[in-house]
Amino acid sequence: RIHEIIVDSVGNSFLSEFYGTVLDHIIRIRVYTMFRFDAKRLHQTQDEHRSILKAIVAGDAEEAEKAMRTHLQRSHISVDQMMVNNRKAV
């Protein structure tokens, strides 16, 4: 839900529209990764969300962008690693 709150709060119609088009994929990824995150990554994700929200509340666009990019990069790496590990297990 945090993702929807952030997208809606930004007030960027392009972002809202884009998010709406990829939401099905995001939900699938969430379901796939839900039980595969290790505790370290789960805590890291929570910290990333806090950093993003803190920057948004402070009105610091640069820091919000930096925190969001970090979160997206780490999430991408994490999902990629889970996919690799899943292929190895099969």
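Quick caveat, the model's predicted, so the values are computed rather than measured.
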Student: With a 4.5 Å limit on heavy-atom distance, are the side chains of R41 and S75 in contact?
Tutor: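 Yes. Closest side-chain heavy atoms under 4.5 Å.
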Student: Around atom NE2 of H76, are there more than 12 heavy atoms from other residues, nucleotides or ligands closer than 6.0 Å?
Tutor: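 No, the 6.0 Å shell around NE2 holds no more than 12 heavy atoms from other groups.
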Student: Using 0.5 Å steps for rounding, measure from the CD1 atom of I6 to the CD atom of E4.
Tutor: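 Between atom CD1 of I6 and atom CD of E4 there are 9.5 Å.
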Student: Taking side-chain contact (heavy atoms from CB on, under 4.5 Å) as the test, write out the residues that go with V22, two or more places apart.
Tutor: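 F18, I26.
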Student: Go through it in stages, so that I can follow the logic: the residues are Q44 and K40, the test is side chain to side chain contact (heavy atoms under 4.5 Å, CB included), and I'd like the CA-CA distance, side-chain angles, deciding distance and then a yes or no.
Tutor: CA-CA 6 Å; Q44 186 180 42; K40 179 182 174 187; 5.6 Å; no
Student: Is it possible for you to say whether L72 and I27 belong to one hydrophobic cluster, with membership spreading through side-chain heavy-atom contacts below 4.5 Å?
Tutor: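 Yes, L72 connects to I27 through the hydrophobic network.
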Student: Angle between ring planes, H49 versus H71, binned at 30° and 60°: parallel, tilted or perpendicular?
Tutor: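 Geometry flag for H71 against H49: perpendicular rings.
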Student: Taking side-chain contact (heavy atoms from CB on, under 4.5 Å) as the definition, give me every residue that meets it alongside E65, ordered by chain and number, with sequence neighbours left out.
Tutor: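 Listed in chain order: R69.
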Student: Please list all pairs passing the salt bridge (Lys or Arg N to Asp or Glu O under 4.0 Å) test where one or both residues lie in residues 70-80, with sequence neighbours left out.
Tutor: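 Listed by first then second residue: E48-R74.
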Student: How many angstroms lie between atom OG of S51 and atom CD1 of I56, to the nearest 0.5 angstrom?
Tutor: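 Answer for the OG-CD1 pair, S51 versus I56, is 11.0 Å.
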Student: Rounded to the nearest 0.5 Å, what separation is found between the CG atom of L42 and the CG atom of D47?
Tutor: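 Going from the CG atom of L42 to the CG atom of D47 covers 10.0 Å.
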Student: If I take atom OG1 from residue T70 and atom CD1 from residue I52, how far apart are they, to the nearest 0.5 angstrom?
Tutor: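 Interatomic distance, T70 OG1 to I52 CD1, rounded to 0.5 Å: 8.5 Å.
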Student: Which pair of heavy atoms, one from A55 and one from A64, lies closest together, and at what distance?
Tutor: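 Looking at all heavy atoms of both residues, the shortest contact is CB-N, 3.3 Å.
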